[in-house]
Undergrad: 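Handing you this structure, nothing more for now.
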Amino acid sequence: MKTREPSHTRFTVEAEADVAAVRRMVSDLIDDVSPDQDRHGRAELVVTELATNLVRHAGGGWMLVRPLRPSSIELIAVDGGRGIDDLDGVLAGRVSDPKGLGCGLRSVRRSSARFDAWTRPGGGTVVLSVLDLAGASGPPACAGVSVGIVEPCGDGWAYSDEDGVFTLAVVDGLGHGMKASLAADAALAEFGTDLEQFVPRANARMRDTRGAAVTLCQIADGTLRYIAIGNVYGRVVTPEGSRGLVTHGGTLGLHLEPPRSRISALPFPAGASLVLWTDGLSSRVSPDPRLLTHDPAVVAAALHRDHTRNRDDATVVVATPGGTR
C-alpha cells in the first residue's frame with residue numbers, strides 16, 4: 001500500500017507572537033527528524049523570515065507546515081496582500097526594501113532544498129520552502145495542500161510514479177475528524193489495486209466506516225484513465241485549454257453494493273497538468289496557466305487560498321508528470 005500523504009497544519013500569522021508559535025512548532029518537527037543543530041538553525045531562520053514577511057509586508061496571512069518523507073519539512077507562506085511588484089528583482093537583490101524583504105527571501109532561497117514563489121500585484125503571494133534535513137531534494141511530480149477544520153483531516157491522498165505509470169487518489173471521508181480520516185485510510189488501503197477492481201474492493205473495505213468520495217487516476221502512454229465517485233472533482237489542463245473529469249454520484253462504503261461507475265479516459269499530452277480537489281473548495285477551480293508553470297506545491301497552495309470554502313476539510317492536489325509546463 002502506498003503511504004497516505006501527510007496533511008498540513010495551518011497557522012494564522014498576524015502578529016509577531018504568531019511568528020514565535022510557528023517557529024516552535026517547526027522546531028518540534030525538526031527534533032523528530034534530525035539531530036543536526038546546523039540544520040535546526042537554518043530551518044528556524046527560514047520559518048522566521050517567511051512568517052515575519054507575512055506580518056510586515058502582507059498585513060498577515062498563514063503558514064502551511066507538514067513533514068515530507070523521509071526527512072524534509074515543507075513550509076508554505078500564503079497571503080492575499082498587495083503582492084510583490086518585481087519578484088525577480090527582489091530575489092536578485094536589485095530591489096531595495098527598507099524592511100528587509102529582499103534579504104529575507106534571498107536567504108530563504110539559499111537555505112532551501114526546493115524554493116519557489118508566485119505573486120501577482122494586488123493578488124497576494126505564495127512562497128514555498130522545503131527543508132531537507134538529510135540531503136538534496138528535487139521537485140516532485142505531484143504535491144498538494146490538505147487542511148482539516150479539525151484534526152485529523154478527513155481528506156486523504158496518495159500517489160505513485162513507477163514504471164511509466166503515474167497513479168493518484170484523492171479521498172474525502174464523510175464528515176470531519178477521526179471517523180472521516182479512518183474512512184479515507186480504508187479507501188487508500190486499496191490504492192495499489194487495478195482500476196477495474198478498485199471500486200468493489202474499496203467499497204468492501206470501507207463497509208465499517210462512514211464512507212467516502214473517491215477519485216482514482218492513472219496516467220500512462222499519453223492517456224488518463226480514471227474513476228470518480230462523489231464530490232472529488234478533477235480537471236486536465238493543457239496549454240490549449242482544460243477538460244473536467246466526469247464524476248458519478250454516490251458514496252463508497254455505505255451499502256453492500258458499490259455505486260454504479262465506469263472507467264473514463266481523457267488524452268493527457270506532454271506538458272499537461274492534473275488537478276484534483278475535494279468539495280471543501282468551490283467546484284469551479286480553473287488554474288491560471290501562468291501559475292501552472294510553478295512547483296505543484298505552490299500551485300496547490302494558491303488554489304487552496306483562492307477557492308476554499310473555509311467550512312469543510314479542503315484538499316487540492318496538482319500533478320505534473322514529466323515536469324512543469
Undergrad: Treating D313 as the side-chain partner and I149 as the backbone partner, does any N or O pair qualify as donor plus acceptor under 3.5 Å?
TA: yes

Undergrad: Pair up each side-chain donor or acceptor in residues 197-206 with any protein partner under 3.5 Å, not counting sequence neighbours, and list the distances.
TA:
| unit_1 | atom_1 | unit_2 | atom_2 | d |
| --- | --- | --- | --- | --- |
| R201 | NE | E190 | OE1 | 3.2 |
| R201 | NH2 | E190 | OE1 | 3.4 |
| N203 | OD1 | G253 | N | 2.7 |
| N203 | ND2 | H255 | O | 3.0 |
| N203 | ND2 | L256 | O | 3.3 |
| R205 | NE | E190 | OE2 | 2.8 |
| R205 | NH2 | E190 | OE2 | 3.1 |

Undergrad: Would you indicate whether the side-chain heavy atoms of C217 and L245 approach each other to under 4.5 Å?
TA: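 Touching, per the 4.5 Å side-chain cut-off.
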
Undergrad: To the nearest 0.5 Å, tell me how far I73 CD1 sits from L75 CG.
TA: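 That separation rounds to 7.0 Å.
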
Undergrad: Once you round to the nearest 0.5 Å, how far does OH of Y226 lie from CG of L168?
TA: 14.0 Å

Undergrad: Could you give the distance from OG1 (T119) to CG (D79), rounded to the nearest 0.5 Å?
TA: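 Answer for the OG1-CG pair, T119 versus D79, is 7.5 Å.
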
Undergrad: Are F191 and T3 close enough that some pair of their side-chain heavy atoms sits under 4.5 Å apart?
TA: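 They are not in side-chain contact.
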
Undergrad: Are the side chain of S107 and the backbone of G104 linked by a donor-acceptor contact shorter than 3.5 Å?
TA: yes

Undergrad: Please name the pair of heavy atoms, one in A297 and one in E74, separated by the smallest distance, quoted to 0.1 Å.
TA: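 Between these two residues, the closest heavy atoms are CB-OE2, 3.8 Å.
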
Undergrad: Verify the cluster assignment for L281 and W62: are they in a single hydrophobic cluster under the rule of side-chain heavy atoms below 4.5 Å apart?
TA: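 Yes: a chain of side-chain contacts under 4.5 Å links L281 to W62.
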
Undergrad: Honestly curious: do V150 and V65 fall in one hydrophobic cluster under the side-chain, below-4.5 Å linking rule?
TA: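 No, V150 does not connect to V65 through the hydrophobic network.
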
Undergrad: Tell me, do E16 and R56 make a side-chain contact under 4.5 Å, heavy atoms counted?
TA: yes

Undergrad: Under 3.5 Å, is there a donor-acceptor pair linking the side chains of S7 and S146?
TA: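 No, no side-chain donor-acceptor pair sits under 3.5 Å.
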
Undergrad: Can a donor-acceptor pair be found, under 3.5 Å and without considering hydrogens, that links the side chain of W277 to the backbone of A314?
TA: no

Undergrad: What residues, two or more places apart in sequence or in another chain, satisfy side chain to side chain donor-acceptor pair (under 3.5 Å) together with R23?
TA: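 R23 satisfies side chain to side chain donor-acceptor pair (under 3.5 Å) with T48 only.
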
Undergrad: Count the heavy atoms of every other residue, nucleotide or ligand shown that sit under 6.0 Å from CZ of R243, and state whether that count exceeds 12.
TA: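 It does not: R243 CZ has 12 such atoms or fewer within range.
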
Undergrad: Indicate, with yes or no, if L45 and L29 share a hydrophobic cluster defined by side-chain heavy-atom contacts under 4.5 Å among Ile, Leu, Val, Met, Phe, Trp and Tyr.
TA: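 L29 does not cluster with L45.
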
Undergrad: State the CD1-CZ distance between I76 and R10, to the nearest 0.5 angstrom.
TA: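 Result: 12.0 Å between the selected atoms.
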
Undergrad: Hey, is E196 close enough to R225 for a salt bridge, meaning N to O under 4.0 Å?
TA: yes

Undergrad: After noting the C-alpha distance and the side-chain angles of W157 and V171, does the key distance pass the side chain to side chain contact (heavy atoms under 4.5 Å, CB included) rule?
TA: CA-CA 6 Å; W157 64 283; V171 184; over 6 Å; no

Undergrad: Any link between L224 and V246 through a network of hydrophobic side chains (Ile, Leu, Val, Met, Phe, Trp, Tyr) touching at under 4.5 Å?
TA: yes

Undergrad: For V170, which of V214, V316, V317 qualifies under side-chain contact (heavy atoms from CB on, under 4.5 Å)?
TA: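 So the option named by the test is V317.
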
Undergrad: Going through the checks in order, is the side chain to side chain contact (heavy atoms under 4.5 Å, CB included) test met by S286 and H307?
TA: CA-CA 10 Å; S286 185; H307 296 282; over 6 Å; no

Undergrad: So E49 and S129, do their side chains get closer than 4.5 Å, heavy atoms only?
TA: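 The answer is no, as the side chains (C-beta and beyond) never meet within the 4.5 Å cut-off.
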
Undergrad: For a side-chain hydrogen bond (donor to acceptor under 3.5 Å, both in side chains) check, start with the C-alpha distance between S72 and R66, then their side-chain angles and the critical distance, and finish with the verdict.
TA: CA-CA 9 Å; S72 299; R66 68 168 180 148; over 6 Å; no

Undergrad: Are any side-chain N or O atoms of R210 and backbone N or O atoms of L174, one a donor and one an acceptor, separated by less than 3.5 Å?
TA: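 Side chain of R210 to backbone of L174: a pair is present.
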
Undergrad: Are V147 and V78 connected in the hydrophobic side-chain network, where two residues link if heavy atoms are under 4.5 Å apart?
TA: yes

Undergrad: To the nearest 0.5 Å, tell me how far L105 CG sits from L87 CG.
TA: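 Taking CG in L105 and CG in L87, the distance rounds to 7.0 Å.
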
Undergrad: Would R24 and E44 satisfy salt bridge (charged side-chain N to carboxylate O under 4.0 Å, His left out), going step by step from the backbone distance to the final call?
TA: CA-CA 9 Å; R24 286 193 297 270; E44 290 186 2; over 6 Å; no

Undergrad: With the side chain counted from C-beta on, respond yes when I227 and R262 share a heavy-atom pair under 4.5 Å apart, and no when they do not.
TA: no

Undergrad: Kindly say whether D172 contributes a backbone atom to a donor-acceptor pair with the side chain of D155 at under 3.5 angstrom?
TA: no

Undergrad: If I compare all heavy atoms of A184 with all of G156, which pair ends up nearest, and what's the gap?
TA: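 Here A184 and G156 meet closest at CB-N, 4.1 Å.
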
Undergrad: How close do V285 and R235 get, counting heavy atoms only, and between which atoms?
TA: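 For V285 and R235, the tightest heavy-atom pair comes out as O-NE, 3.5 Å.
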
Undergrad: Return yes if some donor-acceptor pair links the side-chain N/O of T251 with the main-chain N/O of L254 below 3.5 Å, else return no.
TA: no

Undergrad: Could you tell me the separation between the NE2 atom of H294 and the CH2 atom of W118, rounded to the nearest 0.5 Å?
TA: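 Answer rounded to 0.5 Å: 5.5 Å.
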
Undergrad: Can any side-chain N or O of D18 pair as donor or acceptor with the backbone N or O of A15 at less than 3.5 Å?
TA: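 Yes.
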
Undergrad: Closer than 3.5 angstrom, by distance alone: can the side chain of S160 be matched with the main-chain N or O of E162 as a donor-acceptor pair?
TA: no

Undergrad: Run R42 and S111 through side-chain hydrogen bond (donor to acceptor under 3.5 Å, both in side chains) and show every step you take.
TA: CA-CA 6 Å; R42 191 161 65 245; S111 299; 5.0 Å; no

Undergrad: For the pair T278 (side chain) and T315 (backbone), establish whether a donor and an acceptor sit closer than 3.5 Å, ignoring hydrogens and angles.
TA: yes

Undergrad: Any idea which heavy atoms bring I229 and G249 closest together, and the distance?
TA: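 The answer is CG2-O, 4.2 Å.
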
